[in-house]
Amino acid sequence: MTNQSSDLRFHEIFHTNVGAIEAYARRRLPADHVSDAVSETFLVAWRRLDDVPDGAEARLWLFGIARRIVANLRRSGVRAERLHLKLVQEHGVASQPASPDDASAHQRDRVIDALATLSEDDQELLRLLAWEELSHADISTVLECSVNAVGVRAHRARQRLADALSTESDPR
Amino acid sequence: MTDPIDLLRSANPVTDTDKTTLNHDQMLRAITRDNAAHLAPAVEATPAADRPVFSPPPSREAVSAEVSRGPRTRRVLAGVAAAGLVGAMGFGVASLIPASSTPAAAAMVNAATATEAADSGTVMLTFSLEGGTDAESLSLFTRFDGDDLSASFAGAQGPFASEVPTGLEARIVDGEIFASDGQSWYHVDDPRARTALELAGFPINVGDAAAAVSEIVTATDGVVEVEPGRFTGTVTAAELREVAADNPSVSVFTDQILGSTISGSEFDDEEISIDMRVDENGAIDVISVGTVAQASETNGLDEDVSGTLVIDFEDLGSEQVIERPADAQPLDLTELAD
């Protein structure tokens with residue numbers, strides 16, 4: 001592969017996926033960290049261009065890279081997710097609800113609060129499922145585990161989220 | 001109750017991925033320009049075959065270890081099991097088409113055939129899910145003699161403990177169905193009783209279930225005799241689901257292995273490990289169906305998850321006395337379903 005064709009390929013990968021990667025980062029980080037996360041993700045892709053799969057798999061590969069970078073940023077002192085999300089919303093970066101039927105802000109806070117009670121692994125799996133709208137097979141690629149494991153984990157995580165929501169709505 | 005995933009979806013803080021606060025063009029130029037000289041992409045540095053594995057096949061070590069612990073330990077781990085997979089062991093042998101013509105595959109199928117032909121004995125069936133704090137198990141125990149059987153949930157740990165009525169027992173004696181809540185016996189005089197019991201969680205659809213074991217074994221591919229009398233191989237999730245499709249007695253457990261009810265076709269190519277041991281009479285001693293997902297060094301997951309179904313046959317051919325419960329009260333089917 002020549003340098004020119006590499007450049008072309010990278011440009012295509014970047015333009016095709018930057019929106020999804022930025023959204024991924026915005027869902028998990030405060031606004032002032034999003035640019036760093038996206039830049040670092042594509043910098044890794046540039047350095048390891050030969051490892052980036054073709055087609056739709058490229059996005060999953062990038063999600064996998066972004067996941068680690070986001071985790072590193074959060075470990076390095078970024079605020080907790082609940083605060084992140086509130087900041088994102090307060091600063092107007094968050095998009096509007098997709099439809100008039102979307103949950104109210106109160107309902108959204110309640111769900112986010114319930115999500116935050118789960119383990120980080122459960123949270124990330126559920127976010128990939130609900131926010132990135134990935135299939136189990138796609139999630140297995142991002143998390144580098146078997147599809148079956150994703151199924152089992154998703155089932156349990158969904159149950160735990162339901163339990164957490166139930167507890168919040170019926171505190172005893 | 002609203003699906004929690006739907007609720008979470010509605011709480012998505014970023015639903016419009018076209019909106020951006022970043023200057024993408026500037027970012028792209030910075031990455032490519034600033035790094036072009038000394039961070040050029042490692043073109044063809046990594047052959048495709050050496051690239052990171054995205055979906056590593058499930059390891060079968062833990063499944064094998066589970067089997068090798070022996071029946072006593074498994075009982076301790078998970079109690080007893082299994083109604084439906086056996087009751088009609090005397091039913092006709094299903095049409096068997098070995099997935100492979102190797103001697104090992106043929107031996108495996110022969111063992112399943114011999115097991116299916118047994119008309120009495122006991123079966124323990126245990127599903128266990130282990131991984132971090134998720135350890136849980138569900139066990140059933142069945143004694144069968146001809147068409148008579150006794151089936152009971154004999155153990156449940158973890159989340160199953162609150163989901164499964166472990167005190168229940170069902171018996172079929174001379175074609176009549178009895179159920180116990182742990183205190184009293186009831187006579188269920190209704191042709192829909194078998195179905196009702198299955199829906200209540202009792203896998204007593206014995207005819208289909210008995211054949212299902214053979215079908216699973218028959219579908220097993222890549223069979224290897226890893227030690228005398230012990231065989232391993234794999235089936236795909238699609239094959240396992242197909243076997244279970246019309247058989248609630250099996251699907252109660254295989255759904256757990258397959259990741260429960262969430263989904264469908266994305267599981268199709270997933271490999272499920274089969275580990276089977278044959279007894280001295282050439283029948284199945286124990287068969288383990290399941291998979292282990294191991295956390296990789298890089299995926300950030302700090303736990304392994306293993307879903308395993310262990311079917312343990314004992315005393316095949318020995319007489320089992322299934323007694324007709326005394327003083328059984330008539331029970332309305334609607335009441336049972338509740």
Side-chain angles (χ1 to χ4, degrees), chain A residues 1 3 6-7 10-11 14 18-20 22-23 26-27 31 34-35 38-39 42-43 46-51 68 71 85 88-89 93-95 97-98 102-103 108 111-112 115 121 126 129-131 135-137 140-141 143-149 151-156 158 161-162 165, chain B residues 1 4-5 7-22 24 27-28 30-32 35 39-46 51-58 129 134 159 237 257-263 266-267 270 272 291 293-296 298-303 305 307:
Chain A
M1 190 184 292
N3 283 342
S6 296
D7 282 350
F10 180 74
H11 280 235
F14 181 90
V18 68
E22 182 185 337
R26 284 163 58 194
R27 289 171 181 136
V34 170
S35 179
V38 177
S39 293
F42 282 99
L43 185 57
W46 169 255
R47 290 171 174 167
R48 297 172 53 191
L49 188 57
D50 198 48
D51 290 341
R68 297 184 186 104
L85 291 168
V88 167
Q89 289 161 1
V93 178
S95 59
D102 269 359
R108 190 162 54 235
V111 176
I112 296 301
L115 182 69
D121 288 344
L126 291 174
L129 199 63
W131 292 355
S135 68
H136 289 181
S140 76
T141 301
L143 300 182
E144 297 181 28
C145 61
S146 73
V147 178
N148 183 57
V152 172
R153 286 172 186 274
H155 177 59
R156 295 302 168 205
R158 191 207 303 245
L161 180 59
L165 285 165
Chain B
M1 181 182 175
I5 297 298
L7 289 174
L8 184 59
R9 195 171 284 126
S10 70
N12 187 348
V14 180
T15 55
D16 187 350
T17 57
D18 291 333
K19 279 190 175 180
T20 181
T21 58
L22 307 180
H24 291 162
M27 183 182 291
L28 178 60
I31 293 170
T32 55
N35 295 283
L39 291 173
V43 178
E44 296 175 2
T46 309
R51 289 175 188 165
V53 177
F54 287 129
S55 299
L129 178 64
D134 284 326
I257 293 174
L258 294 172
S260 195
T261 55
I262 289 177
S263 157
E266 64 260 49
F267 286 112
E270 186 76 2
I272 308 293
T291 186
Q294 293 193 321
S296 74
T298 56
N299 69 2
L301 301 177
D302 57 2
E303 59 179 289
V305 172

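Convention: sequence-line order gives letters A, B, ...; per-chain numbering from 1. Every heavy atom of this structure was used, including side-chain atoms; hydrogens, water molecules and symmetry mates were not.
- Between the side chain of W131(A) and the backbone N or O of V14(B), no donor-acceptor pair lies under 3.5 Å.
- With values rounded to the nearest 0.5 angstrom, N12(B) atom CG is found 9.5 Å from R108(A) atom CZ.
- In terms of heavy-atom proximity, L115(A) sits nearest to L8(B) at CD2-CD1, 3.9 Å.
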Test side-chain contact (heavy atoms from CB on, under 4.5 Å) applied to S35(A) and M27(B), step by step
CA-CA 9 Å; S35(A) 179; M27(B) 183 182 291; 4.0 Å; yes
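- Nearest heavy atoms, V34(A) versus L22(B): CG1-CD1, 4.2 Å.
- When all heavy atoms are compared, the tightest approach of I5(B) to A130(A) is O-CB, 4.0 Å.
- Of the atoms belonging to F42(A), heavy atoms from both backbone and side chain fall under 4.5 Å from chain B.
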